[in-house]
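Structure first, then comments.
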Amino acid sequence: MQQKGCNVAEGRNIAIRKASHDLIASTDFGCRFHPDWLKSLMSPFADISVKATGGAFSVIEQDIDTLPAKAAYILSNGYQVDIAHDSFIPSSRSVAYYKDIFERAGGYPEWLTLAGDDTTFGKVVKSAGVVFHQVTEPYVYWGRHKAAKAYVKEAFRYGLGDGEAHVNQRNVISNSIETLLRYLLFISFLILAIAVISKQLTLPWLLICIIFLPGLRSYINYLRNWLKLKSAKYNFSVFLYGISLLERTRLSYIKGYTKGYFKSSDKKKEEARQLQKRLSLK
């Protein structure tokens, strides 16, 4: 079926409401999947207490063949998804649920511009007390971009959706503070270098640099990922490029979030307020 001009959430809702069966399974456009994907997602429903399942996903590593894609692979820690963590929200790349769960959640939020609908839907479902049975096999393979520009654009869309929904606020505040500290650290290093050259180095400058060191948190995590995954394919050139991609995608996400949070329409802001009230009832 086709509905011209609809956004992602509208498309999902139309398809699900027209479905003739009560059990809904979903994957995303652009994903490929293992022959056992559907079976792994459906089998847990043999237990009548299971109302929803959420699966892990991965990528086809052989398809990671450009410098930006390799850098993103390292930044994402090889796309290893910790589905056991309490904060895990199943992506629409691999999820299944009964239709009444979908209806009780009010469907996917059509008021969001583009991205973030599955995150919001998952949060609403979990807030209602529904437990997603975890399917650990990563049988869905997410098609990744080739160009850096596409990763930056993707980060902006994710930030826009999260900002419109007013979700993940702690995460974006933490990342924004970290980014600010990192740039202040770089400026301090520059001033420190000038002080050393001019032989005017003083203790306060060293203390200032120490204060800004938490700004390197993401760099340290990225370095750990690279040390674990480094190979002839994921070499030092990939590592260096990844630092640039980290900065570009981080800033793009923050930019999208800021736009979604502060510059969305009054209608979207009201929808976001109602969403937060609903989530706070958990």
State whether the number of non-hydrogen atoms from other residues, nucleotides or ligands found under 6.0 Å of [X] atom [atom1] is greater than 12.
X: K269; atom1: NZ; result: yes
X: R273; atom1: CZ; result: yes
X: K149; atom1: NZ; result: no
X: F33; atom1: CZ; result: no
X: D100; atom1: CG; result: yes

Would you say [X]'s side chain and [Y]'s backbone share a donor-acceptor pair under 3.5 angstrom?
X: N13; Y: Y108; value: yes
X: K228; Y: G78; value: no
X: H34; Y: D36; value: yes

Original post:
Is it true that E154 and R144 have a side-chain N and a carboxylate O under 4.0 angstrom from each other?
Top reply: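 Salt bridge present between E154 and R144.
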Subject >> For I14, all residues meeting side chain to side chain contact (heavy atoms under 4.5 Å, CB included), sequence neighbours excluded >> reply: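 If we apply the side chain to side chain contact (heavy atoms under 4.5 Å, CB included) test to I14, skipping adjacent residues, the hits are M1, Q3, K18.
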**OP:** With salt bridge (charged side-chain N to carboxylate O under 4.0 Å, His left out) as the test, would you mind laying out the steps for D65 and K146 before giving the verdict?
**Re:** CA-CA 8 Å; D65 55 7; K146 300 292 185 181; 2.7 Å; yes
**OP:** Drop me the distance from I74's CD1 to K230's NZ, to the nearest 0.5 angstrom.
**Re:**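 Reported value, rounded in 0.5 Å steps: 11.0 Å.
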Original post:
Which residue, D28, D118, N7, forms the side-chain hydrogen bond (donor to acceptor under 3.5 Å, both in side chains) with R12?
Top reply: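 Only match with R12 under side-chain hydrogen bond (donor to acceptor under 3.5 Å, both in side chains): D28.
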Original post:
How about F132 and F88: are their ring centroids closer than 6.0 Å?
Top reply: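 That pair fails the under 6.0 Å test.
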In residues 235-242, what donor-acceptor pairs under 3.5 Å come from side-chain atoms, sequence neighbours left out?
residue : atom : partner : partner atom : Å
N235    : OD1  : S237    : N            : 3.1
N235    : OD1  : V238    : N            : 3.1
N235    : ND2  : A232    : O            : 3.4

**OP:** State plainly whether one hydrophobic cluster holds both V130 and I89, where clusters connect Ile, Leu, Val, Met, Phe, Trp and Tyr through side-chain heavy atoms under 4.5 angstrom apart.
**Re:**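 Different clusters: V130 never reaches I89 through Ile, Leu, Val, Met, Phe, Trp or Tyr contacts under 4.5 Å.
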Original post:
Run the side-chain contact (heavy atoms from CB on, under 4.5 Å) check on E271 and T120 step by step: do they pass?
Top reply: CA-CA 12 Å; E271 291 281 6; T120 301; over 6 Å; no
Original post:
Of the non-hydrogen atoms in L181 and G215, which two are nearest, and what is the gap between them?
Top reply: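 Taking L181 first and G215 second, the nearest heavy atoms are CB-CA, 3.8 Å.
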Subject >> Closest non-hydrogen atom pair, F45 against A52 >> reply: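 What the structure gives for the nearest pair is CE2-N, 3.8 Å.
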Original post:
Under the salt bridge (Lys or Arg N to Asp or Glu O under 4.0 Å) rule, what pairs show up with a residue in residues 159-169, not counting sequence neighbours?
Top reply: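 Only E164-K268 qualify under salt bridge (Lys or Arg N to Asp or Glu O under 4.0 Å).
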